[in-house]
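In what follows, a structure is listed as structure tokens, so that the remarks can point back to it.
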Amino acid sequence: MKFIKFFIVGILFGIILSKAEVISWFRIYEMFKFQSFHMYGVIGSAVVLGILIIQLFKKGILKNKDGEQIIIPPKKNAFKANLFGGIIFGLGWALVGACPGPMFILLGRGVLAILIIVFGALLGAFVYHGVKKWMPN
Amino acid sequence: MIEFFLQPWPWYVAGPLITLVMFLLFYFGKTFGVSSNLETICAIGGAGKFNSYFKLDWRKNTWNLIFVFGAIIGGFISYQWLTPNEVIALNPQTIQDLSEIGIKNAGQSYLPAEIFSLDALFSLKGILVLLLGGFLVGFGTRYAGGCTSGHAIVGLSNLEIPSLIAVIGFFVGGLIMTWVFIPIIF
């Protein structure tokens, strides 16, 4: 039962991204064509508010449910991996119009094609760990 | 209220609500990030037989799998009951640009039939596009160390330079695909 809260937050996440059309291939295409502010507004407002929230956590004004200060694991600082990995990710994101969150949310619509995308993503993650020792970091 | 719920939600509602999701996960002692689930699922699927990296103790990520399962259900709920009309108010220029590269009825539903319909799926080109797109996302996100949630939302909110570099990468890749490759592929 201790996991039910994550299930509920997940449902919330799925509904938000669906209702805001973030899971739509068309919205991603429109974003990369700079023809709408919508996606920039979604990500931008989430980040601006996110900066504020994280500062409140860091200053100890907000605490987690156990009253402790939160620790955010730092991202790996590897310029080439961040950049090249990011570019590869972006190529796929624009092609199928779905990053990992929306990919799973779209599964809930019962579209068979999404299953192929998820399979491709699993394969991609699997292959990355097979070849990572040769990848620039 | 119900009326508002059934309309498409504007960015200034969706963005802060995404921050709320991030906040709730922090509050429950976790960090928002969807793409690490790809590795967890590989590990559960037996990828450890091929690569010892996947012999990880995936049980510590159970909460995140449950979160993703919730997201799938959220997608289902929204599709079934909360979105009576899936017409998207796209920029007319976008609709015209897509029509010129052979993608018709842009914005009449969430997903273009040219990529996601069964007809597309059962063509060689169609299935290759889906597999390749998914592969690039999965490979790229693990190489970069995060996706839109982990890097763009949490990483940027935490003012992390690696996340800024990754997000610049997301855009470089996305712009190349959209402006150069998509017109060739379709």
Side-chain angles (χ1 to χ4, degrees), chain A residues 3 6-7 9-11 13-16 18-21 24-26 30 32 35-36 38 41-42 45-47 49-51 53-54 64-65 70 72 75-77 82-83 85-92 94-96 99-101 104-105 107-109 113 116-117 120-121 124-126 128-129, chain B residues 9 11 14-19 21 23-24 26 29 34-35 38 42 53 63 66-68 70-76 78-79 88 91 93-94 110 116 121 130-131 133-145 147-148 155-158 160 162 165-166 169-170 172-174 177-178:
Chain A
F3 289 123
F6 299 114
F7 181 62
V9 179
I11 291 178
F13 181 59
I15 292 176
I16 296 164
S18 298
K19 288 301 303 174
E21 302 167 342
S24 166
W25 186 94
F26 295 114
E30 191 186 41
F32 284 128
Q35 287 166 340
S36 170
H38 183 77
V42 171
S45 61
V47 169
L49 200 58
I51 291 171
I53 296 276
I54 288 183
N64 73 14
K65 67 175 172 43
I70 60 155
I72 303 170
K75 287 290 182 186
K76 69 172 174 182
N77 193 354
N82 295 141
L83 184 66
I87 292 173
I88 294 168
F89 174 89
L91 288 166
L95 181 57
V96 292
C99 48
F104 287 107
I105 296 168
L107 269 184
R109 305 164 70 87
I116 307 294
I117 297 176
F126 175 72
Y128 166 68
H129 285 288
Chain B
W9 295 359
W11 62 264
L17 284 174
I18 293 171
T19 313
V21 168
F23 166 78
L24 288 171
F26 278 141
V34 179
S35 70
L38 296 172
C42 285
Y53 173 85
W63 72 271
I66 306 264
F67 172 79
V68 159
I72 296 173
I73 302 300
F76 173 80
S78 182
Y79 179 56
I88 296 175
N91 184 332
Q93 186 63 47
T94 309
Y110 274 16
F116 295 92
L121 173 59
L130 295 167
L131 265 179
F135 185 91
L136 292 170
V137 169
F139 189 100
T141 182
R142 294 331 299 157
Y143 187 15
C147 64
T148 333
L156 290 186
S157 291
N158 198 25
E160 294 235 33
I165 295 164
F170 297 170
V172 171
M177 178 56 69
T178 300

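Given the structure is predicted, the values throughout are model-derived calculations rather than measurements. Note on naming: letters A, B, ... go to the chains in the order of the sequence lines (proteins, then strands), and numbering restarts at 1 for each one.
Counting heavy-atom pairs closer than 4.5 Å to chain B, the top-ranked of the candidates A:Leu91, A:Ile116, A:Ile117, A:Ile51 is A:Leu91. Across B:Ala166, B:Gly174, B:Ser78, the residue that shares the most heavy-atom pairs under 4.5 angstrom with chain A is B:Gly174. Across B:Ala144, B:Ser35, B:Gly75, the residue that shares the most heavy-atom pairs under 4.5 angstrom with chain A is B:Ala144. Interface remark: of the candidates A:Phe26, A:Phe104, A:Trp25, A:Phe26 forms the most heavy-atom pairs closer than 4.5 Å to chain B. When the candidates B:Gly74, B:Gly29, B:Pro16 are compared by the number of heavy-atom contacts under 4.5 Å with chain A, B:Gly74 comes out ahead. Residue with the most contacts toward chain B among A:Ala20, A:Ala94, A:Gly120, A:Ser36: A:Gly120 (heavy-atom pairs, distance under 4.5 Å). Of the listed residues B:Leu38, B:Val34, B:Leu130, the one with more heavy-atom pairs under 4.5 angstrom with chain A than any other is B:Leu130. Counting heavy-atom pairs closer than 4.5 Å to chain A, the top residue among B:Phe23, B:Tyr53, B:Phe76, B:Phe116 is B:Tyr53. Counting heavy-atom pairs under 4.5 Å between each of A:Ile87, A:Asn64, A:Leu49 and chain B puts A:Ile87 at the top. With chain B as partner, the option from A:Val9, A:Ile70, A:Leu107, A:Leu83 having the largest number of non-hydrogen pairs under 4.5 angstrom is A:Val9.
The distance from atom OH of B:Tyr79 to atom NZ of A:Lys19, rounded to the nearest 0.5 Å, is 13.5 Å.
Both the backbone and the side chain of B:Leu131 have a heavy atom closer than 4.5 Å to some heavy atom of chain A. When heavy atoms are compared at a cutoff of 4.5 Å, A:Ile16 approaches chain B by way of both its backbone and its side chain. With a 4.5 angstrom heavy-atom cutoff, A:Ile54 touches chain B only via side-chain atoms. Only the side chain of A:Ile53 comes within contact range of chain B, with at least one heavy atom under 4.5 Å from a heavy atom of that chain. For B:Ile66, the parts sitting under 4.5 Å from any heavy atom of chain A are the backbone and the side chain alike. Interface remark: B:Glu160 contributes side-chain atoms only to the contact with chain A (heavy atom separation under 4.5 Å).
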side-chain contact (heavy atoms from CB on, under 4.5 Å) assessment of A:Phe7 paired with B:Ile73: CA-CA 9 Å; A:Phe7 181 62; B:Ile73 302 300; 3.9 Å; yes
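Among all heavy-atom pairs drawn from A:Glu21 and B:Ile88, the shortest one is OE1-CG2, 3.5 Å. Residues A:His38 and B:Trp9 come closest through the heavy atom pair CE1-O, 3.8 Å. Scanning both residues, A:Leu95 and B:Met177, for their nearest heavy atoms gives N-CG, 3.6 Å.
Using modelled atom types, one side-chain atom of B:Tyr110 and one backbone atom of A:Ser18 make a donor-acceptor pair closer than 3.5 Å. In this structure, A:Asn82 contributes its side chain and B:Ile165 its backbone to no donor-acceptor pair below 3.5 Å. A:Ser45 contributes a side-chain N or O that, together with a main-chain N or O of A:Gly41, makes up a donor-acceptor pair within less than 3.5 Å.
Side-chain contact between A:Phe13 and B:Val68: absent, with no pair of heavy atoms (C-beta onward) separated by less than 4.5 Å.
Using bins of under 30°, 30° to 60° and over 60° for the plane-to-plane angle, the ring pair B:Trp63/B:Phe67 lands in the tilted bin.
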